[in-house]
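This report concerns only the one structure given below.
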Protein chains: 2
Amino acid sequence: MSTLTYAILAELARGPATGYDIAAAMRSPVGRYWTAQHSQIYPELARLAERGWAGVAESDGPGPRPTKTYTITPDGLAALRAWARTPEPPPPPNSPTTVKLSCAWLLDDDELAGLLDGLRAEAAAGVARFEGLLAGLDSEPPRDDPTFAAALTVPIGLGYERHRLEWAEWALAEVARRRR
Amino acid sequence: MSTLTYAILAELARGPATGYDIAAAMRSPVGRYWTAQHSQIYPELARLAERGWAGVAESDGPGPRPTKTYTITPDGLAALRAWARTPEPPPPPNSPTTVKLSCAWLLDDDELAGLLDGLRAEAAAGVARFEGLLAGLDSEPPRDDPTFAAALTVPIGLGYERHRLEWAEWALAEVARRRR
DNA sequence: AGGGGCATGTAAAGAGTTACATGATTCT
DNA sequence: AGAATCATGTAACTCTTTACATGCCCCT
């Protein structure tokens, strides 16, 4: 059982959903932090049902196949809770962008400044996105509601983007200072 | 050509190395941010040599096979620089830990506090690690030296861990506040 | 009439991890 | 005597992405 298994269960814990719904949610998983393609989700949902962690209801679909609506079972919910409360080993911090930055000594000032400015713009957009998201959140959500979790996770994303923005601005200033 | 290709080239740009050296550097790539196993590195080095981006020199090895020392070629350096200066599309921010946090509404107060405290401890260790690294850096490194890049990348890591630590402390306080 | 959204699936290829395999030297 | 380090490689497996494939309904 991979992270995807539980990321799907976490979606189902919020309510019944089709594979299409879950794929849509995982296209831009703001505040929930997992992505996957539908080609990975459909087989995983079938395994979930086979394992008894989700139930399926079929209805007429728009295409040649029936629409399948999945619902989390008590077993599935228990498995999700058990997974969620165990600590995760820190993942390898693989970042192509930081590898590029580690080549900064090979680039000239303009190339480096261009790279940094792109990162600055990206981070600024991220800050705006998460600020909007935070503004839309209930300030004191019910303890047993998904929005309670969002009130915790959205500030991580916001803090992360803010830190990236500050760093990019500092790095640009640093490169400009050394240029002279 | 994957990120691994260029991450290896970035190592070779610092000087000739064996596959073993690169695997060791990528076991804990502090400030450079890519990890890989030797089983991935050895074939990739062979492809690099085949492509003309690295040269190989064989010498007697400690085991049954000769030791191969790889050196970056002018073509390899040019390819690395070209890659490094092009912006990277933002990667999917997949994080198992944040998926767990998005299940916070399913956990009771003690389970959630335990999860958060583990993250706090992890972040605190990270801050200490990067502070030590930063302390060991030259404050004004030569522009065309790998340490110049480290002076840029180490503060990203430090800032990231500081942000995580602040967030974890805030989240713990938030959970404690709502507990009462 | 064509494009986009809804809805499901499979196939192929690439990326990454874990395990298997060998063998000399050095340290405890 | 056994473990760790140096040094290389392959095999099997899992995870992820990209592409192929179908077909209805709604909007312009």
Side-chain angles (χ1 to χ4, degrees), chain A residues 1-9 11-12 16-29 33-50 54 56-70 88-96 99, chain B residues 1-9 11-12 16-29 33-51 54 56-70 83 88-96 99:
Chain A
M1 288 134 306
S2 62
T3 303
L4 177 65
T5 315
Y6 296 104
I8 291 176
L9 273 185
E11 281 300 315
L12 291 182
T18 66
Y20 189 87
D21 293 336
I22 293 170
M26 290 195 178
R27 245 200 316 267
S28 61
Y33 285 95
W34 201 258
T35 58
Q37 314 299 319
H38 73 270
S39 59
Q40 226 184 332
I41 291 166
Y42 287 118
E44 193 62 45
L45 278 169
R47 281 190 287 269
L48 240 36
E50 208 185 339
V56 204
E58 297 198 2
S59 59
D60 276 7
R65 275 177 278 257
T67 293
K68 295 179 181 175
T69 303
Y70 291 86
E88 190 78 10
N94 287 10
S95 159
V99 175
Chain B
M1 287 134 307
S2 61
T3 303
L4 176 65
T5 315
Y6 296 103
I8 290 176
L9 273 185
E11 280 301 317
L12 290 181
T18 65
Y20 189 88
D21 292 337
I22 292 170
M26 290 194 178
R27 246 200 314 267
S28 61
Y33 286 93
W34 201 258
T35 57
Q37 313 298 317
H38 74 271
S39 59
Q40 227 184 330
I41 291 167
Y42 287 118
E44 192 62 44
L45 277 169
R47 280 190 287 269
L48 240 38
E50 207 185 338
R51 188 180 286 265
V56 204
E58 296 198 2
S59 60
D60 275 7
R65 275 176 277 257
T67 293
K68 295 180 180 173
T69 303
Y70 291 86
W83 175 78
E88 189 78 9
N94 287 9
S95 158
V99 175

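Fair warning: this is a prediction, and the values are worked out from it, not measured in the lab. In the text below, chain A, chain B and the rest are named by the order of the sequence lines, each starting its count at 1.
- Minimum interatomic distance between A:A46 and A:Y70 (heavy atoms only, all atoms of both residues): N-OH, 4.2 Å.
- Once you apply a 4.0 Å limit to the heavy atoms of chain A, the touched nucleotides of DNA chain C run 5' to 3' over C:dG5 to C:dA11.
- Using a 4.5 Å cut-off on side-chain heavy atoms (C-beta onward), B:P96 and A:W34 make contact.
- Taking a cutoff of 4.0 Å between a charged side-chain nitrogen and a carboxylate oxygen, A:R47 and A:E50 do not qualify as a salt bridge.
- Nearest heavy-atom pair, B:V56 versus B:K68, reported as atom, atom and distance to 0.1 Å: CG1-CB, 3.8 Å.
- Within the nucleic acid shown, A:P43 has no heavy atom closer than 4.0 Å to any nucleic acid atom.
- For A:R65, the side chain to side chain donor-acceptor pair (under 3.5 Å) test picks out no residue, with sequence neighbours left out.
- The minimum heavy-atom distance linking B:L4 with B:M26 is given by the pair CD1-SD, 4.3 Å.
- Summarising the geometry of A:I41 relative to A:G19, their closest heavy-atom pair is CG2-O, 4.1 Å, with the distance given to 0.1 Å.
- In this structure B:T67 satisfies the side chain to side chain donor-acceptor pair (under 3.5 Å) test with no other residue, sequence neighbours excluded.
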Which pairs, protein N/O on one side and nucleotides 13-19 of chain D N/O on the other, fall under 3.5 Å?
unit_1, atom_1, unit_2, atom_2, d
D:dT16, OP2, A:Q40, NE2, 2.9
D:dT18, O4, A:S39, OG, 2.5

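- Considering only heavy atoms from C-beta on, B:Y6 comes within 4.5 Å of B:M1 through its side chain.
- Listed here is the closest heavy atom pair of B:E88 and B:W83: OE1-NE1, 4.3 Å.
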Show your working on side-chain contact (heavy atoms from CB on, under 4.5 Å) between B:D21 and B:E11 and close with a plain yes or no. CA-CA 9 Å; B:D21 292 337; B:E11 280 301 317; over 6 Å; no
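- Near DNA chain C, meaning a heavy atom under 4.0 Å away, there are no residues from residues 18-28 of chain B.
- Annotation: the terminal axes of the helix from C:dA1-D:dT28 to C:dT28-D:dA1 meet at 30°, where each axis is the rotation carrying the C1' atoms of four end pairs onto the next four (5 pairs per end, rounded to 10°).
- Nearest approach of A:A7 to B:V99, heavy atoms of both residues: CA-CG1, 3.9 Å.
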